Structure formats: structure tokens, C-alpha cells
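Being a predicted model, the structure only gives us computed values, none of them experimental. One-based numbering, in listed order, for ligands and for the atoms of each.
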Amino acid sequence: MRYRHRVPTLNIAPEVALALANNKPVVALESTIISHGLPRPRNREAALEFEQILRDIGVVPATIAVIDGVPTVGLDAEGLSTIADEDIAKASVRDLPILLAKRQSGATTVAATAHIAAQAGIRVFATGGLGGVHRGANETFDESADLSTLAVTNISVVSAGVKSVLDIAATLERLETLSVPVIGYGTTSFPAFWLRDSGFTLDWSAADATEVAAIMKAHDDTGHGQGIVVANPIPLAQQWDPVEHDHVLSEAFLAAEQAGVRGKAVTPFLLGYIVEASGGRSLDVNLDLARNNIRVAGDIATAWCLLGA
Ligand code: PSU
Ligand code: MN
């Protein structure tokens, strides 16, 4: 019996494939933020708006998800409604083979999105906040696969740091261990998602998109295959009030403990609770920071293509 060797099948939207083939800018967008990170129906509006932000600056959006068992790069209207309106699995990298074999759909996390995007040849990816080391991880071992995936996936991820529900100090330590470069975008203050400044200082910053693209190129030249984290803080005027933030977060931790949430349910539970408890304020900030990250990712993708031109 002979075994067939199969190249991983990706369904890449024609628009995305054309842009990649012609060195035109493309930015990957994740789907877990739509399916599990934002409440309905705002999530659907957000999915469409995120793509439009890129189109408006001449960048092709590639929202990524697994649709009926096929990793899909660039969703059509039906694909968007699958991730926004249906109850589908939250899929990290380890879930991909299972969804593929079972021909099921899944919304991809930062890890799974980065993995699929890199397979497609996309170099820049925008999200809200990267996953990281959870508080209490010394007992629970709860550390997002976003980190370990970025250690082996050559893509630049623009994020507003990591969510302040995480252990930010430990997350930064892990990124150091994994040799993932972390670059502040116009700052050396590492952001905390809803807040502009986490209180942690970065070694490096990049002044603009052109400098990030130059670092990406140099990173390739060093022969390393890691991803790069571009930390883009929300403008001060848009950030969540820090006092209210601290108050709502401590409530959320208590609620998660009482509900006994574990594993991959933790992040969606906390985000959902925080939206409710803040009367929607955290949601507005989440959307603003995602929009900002998408714009910056678009600029970086454009600068990257100019380098290759
Ligand atoms: N950032 C957001 N909203 C989200 C997430 C990030 O603004 O919903 C998601 C991302 O998909 C990220 C995931 O990969 O949370 C991390 O989940 P976990 O902690 O279970 O690895
Ligand atoms: Mn986890």
C-alpha cells in the first residue's frame, strides 16, 4: 500500500492569492476575537469594519478561520456569518488536525491564525491582544499557545500588548525565553490592552512602519523563524479609566473562580464578564484598540511590500 503525500490544503481567496503573488500588502485577521471575544451582534459589524479599514488604505484583508474542515484565508460573506453568528469551536493550533479530519468549522486564535497565515505566505497579522501567561499559572500551567506558536512562526503580530487579565511580567519573560522580539510601536512602554501602559518597559521601540519592516527583513537575514510582536498602545484619550478597570477586573477574577472556569474557556469568560460589568465600556475600548492595530498592521504590510519591490 502506498501512502499519499498531501500538501496542506488551504482555501485562499482569489483576492488574497493575487495580492500575495503580486507583492501587494495583505494583513491577516483572526476569527476568535469575532466568535468568542466580542458579543453578538457587534461582532459581525466589527468583522466587516476591520476588513474595510484595510481596504480603505489599499491593503487586502485576510480573515482566517476553518470552514467545514478547510483552513480558509479570506472569508466570503458566508464564512463571515459562520464565525459571527454560529456557535463554533475556538481553535488553537492543536485543534486544527481534528477540525480538518472531522470537516468541522472553527474560529482560529492568534496561534492558529498565525500558523495558517504563515503557511499562506502572509507576513503581517493584526489582533486585539495576544494571549499569554495567565495569573496563577505557577499552579494551573495556563499559558496561551499563542506564545509557543510565535516561537516557531514567522509572522509579525500587531497587538495592544496582552490583556491585563494576564500575568504581564511572566508573559514578557516567556517571550524572552522563546526569543520572540517585542517591539514597542513609537514607545518603550509595554501596553496592557485596555490601558496604554502596563508599567513594564521594553528594550526596543520602532519609530514607524518602515522601521518595523526593516527589522522583519533583518530578522529573516538572521535565519530565525520566530514571529515578532509589535506592541501598539491605545492612545491615552481612548483608554479605559484605570480605576474602573482595576475594579471590574478584580470582580471578574472572583466570578471566574466561583464559576470554576478552566482551560480555553477562561479568556472568553473573563472578556464576556468584563464587557457586562463595565456596561460596555471595555467593549468600546477593545474595538478602538483593534482598529488602531489593524491600521498599523496595514502600514507595516505596505512598508514590507515596498522593501520587496
Ligand atoms: N484578543 C482580543 N479578543 C480575543 C482574543 C484576543 O481582543 O478574543 C483571543 C485570541 O484569539 C487569543 C485568545 O489567541 O484570545 C487567547 O486565548 P487563550 O488565553 O485561551 O490562549
Ligand atoms: Mn489557556
Side-chain angles (χ1 to χ4, degrees), residues 28-40 42-43 46-47 49-50 63-66 83-84 88-96 106-117 125-151 153 155 157-168 170-171 174-175 180 191-195 227 229-234 238-240 252-253 256 261-275 278 282-294 297:
L29 299 170
E30 60 146 322
S31 42
T32 293
I33 183 174
I34 304 301
S35 65
H36 293 76
L38 301 169
R40 293 175 191 152
R42 287 282 287 278
N43 63 342
E49 191 200 337
F50 290 169
T63 304
I64 291 179
V66 179
I83 62 166
I88 59 170
K90 171 180 166 184
S92 192
V93 174
R94 70 167 188 166
D95 304 303
L96 295 176
T108 47
T109 62
V110 169
T113 305
H115 177 81
I116 294 170
F125 167 21
T127 183
L130 192 65
V133 180
H134 284 259
R135 299 188 193 190
N138 55 338
E139 283 180 13
T140 62
F141 279 69
D142 190 354
E143 173 184 339
S144 178
D146 291 357
L147 301 187
S148 49
T149 299
L150 280 183
T153 309
I155 196 161
V157 184
V158 182
S159 93
V162 296
K163 280 165 288 243
S164 39
V165 298
L166 300 171
D167 183 335
I168 296 178
T171 303
R174 289 290 294 142
L175 287 166
V180 174
F193 198 64
W194 298 287
L195 303 179
V229 173
V230 178
N232 180 41
I234 188 163
Q238 289 181 321
Q239 79 165 357
W240 194 4
F253 288 127
V261 211
R262 294 273 175 279
K264 70 180 189 181
V266 171
T267 299
F269 178 92
L270 289 173
L271 288 177
Y273 186 95
I274 290 167
V275 169
S278 69
S282 74
L283 176 58
D284 292 335
V285 181
N286 195 344
L287 289 168
D288 278 338
L289 65 86
R291 292 179 184 112
N292 294 335
N293 294 344
I294 291 164

Protein residue, atom and distance nearest to atom 11 (O) of ligand 1, heavy-atom basis: Glu30 OE1, 2.6 Å

Leu166 versus Arg135, closest heavy-atom pair with distance: O-NE, 3.5 Å

Is Asn292 reaching over with its side chain to a backbone N or O of Asp288, donor-acceptor style, under 3.5 angstrom? yes

Atom 8 (O) of ligand 1 sits nearest the protein heavy atom Gly37 CA, 3.3 Å

Given Ser31, which partner from the list Thr108, Thr109, Asn43 fulfils the side-chain hydrogen bond (donor to acceptor under 3.5 Å, both in side chains) test? Thr108

Taking atom 15 (O) of ligand 1 as the point of reference, which of Thr267, Val162, Val266 owns the nearest heavy atom? Thr267

Considering Asp142, Asp146, Thr109 one by one, which has a heavy atom nearer to atom 16 (C) of ligand 1 than any of the others? Asp146

Where do Phe125 and Ile64 land on the side chain to side chain contact (heavy atoms under 4.5 Å, CB included) test, with the steps shown first? CA-CA 10 Å; Phe125 167 21; Ile64 291 179; over 6 Å; no

The Mn ion (ligand 2) -> Asp142, closest N, O or S atom is OD1

Shortest protein contact, atom 7 (O) of ligand 1 (heavy atom only): Phe193 CZ, 3.2 Å

Would you check whether Gly128 has a nitrogen or oxygen atom less than 3.5 angstrom from a nitrogen or oxygen atom of ligand 1? no

Heavy-atom pair with the smallest gap, counting every atom of Ala114 and Thr153: O-CG2, 3.4 Å

Do the side chain of Asn293 and the main chain of Ala126 share a donor and acceptor less than 3.5 angstrom apart? no

For atom 21 (O) of ligand 1, state which one of Ala107, Ser144, Ser92 supplies the nearest heavy atom. Ser144

Minimum heavy-atom distance Val93-His115, with the two atoms named: CG2-CB, 4.0 Å

For ligand 1, indicate whether the residue Asn286 contacts it via side chain, backbone, both or neither (heavy-atom separation under 4.0 Å). side chain

Looking at Lys264, Lys163, Lys90, the heavy atom closest to atom 6 (C) of ligand 1 belongs to Lys163

So does Glu143 have any N/O/S atom less than 2.8 Å away from the Mn ion (ligand 2)? no

Start with the C-alpha gap between Ile274 and Leu283, add the side-chain angles, then the distance that decides, and say whether side chain to side chain contact (heavy atoms under 4.5 Å, CB included) holds. CA-CA 8 Å; Ile274 290 167; Leu283 176 58; over 6 Å; no

For Ala111 and Ala145, work out which heavy atoms get closest and say how close. CB-O, 3.7 Å

Within the 4.0 Å heavy-atom shell around Gly129, which atoms of ligand 1 are there? 1 (N), 2 (C), 6 (C), 7 (O)

Quick check: does Gly263 get an N/O under 3.5 Å from an N/O on ligand 1? no

Of the listed options (Thr127, Leu271, Ile34), which comes nearest to atom 4 (C) of ligand 1 when hydrogens are ignored and any heavy atom counts? Leu271

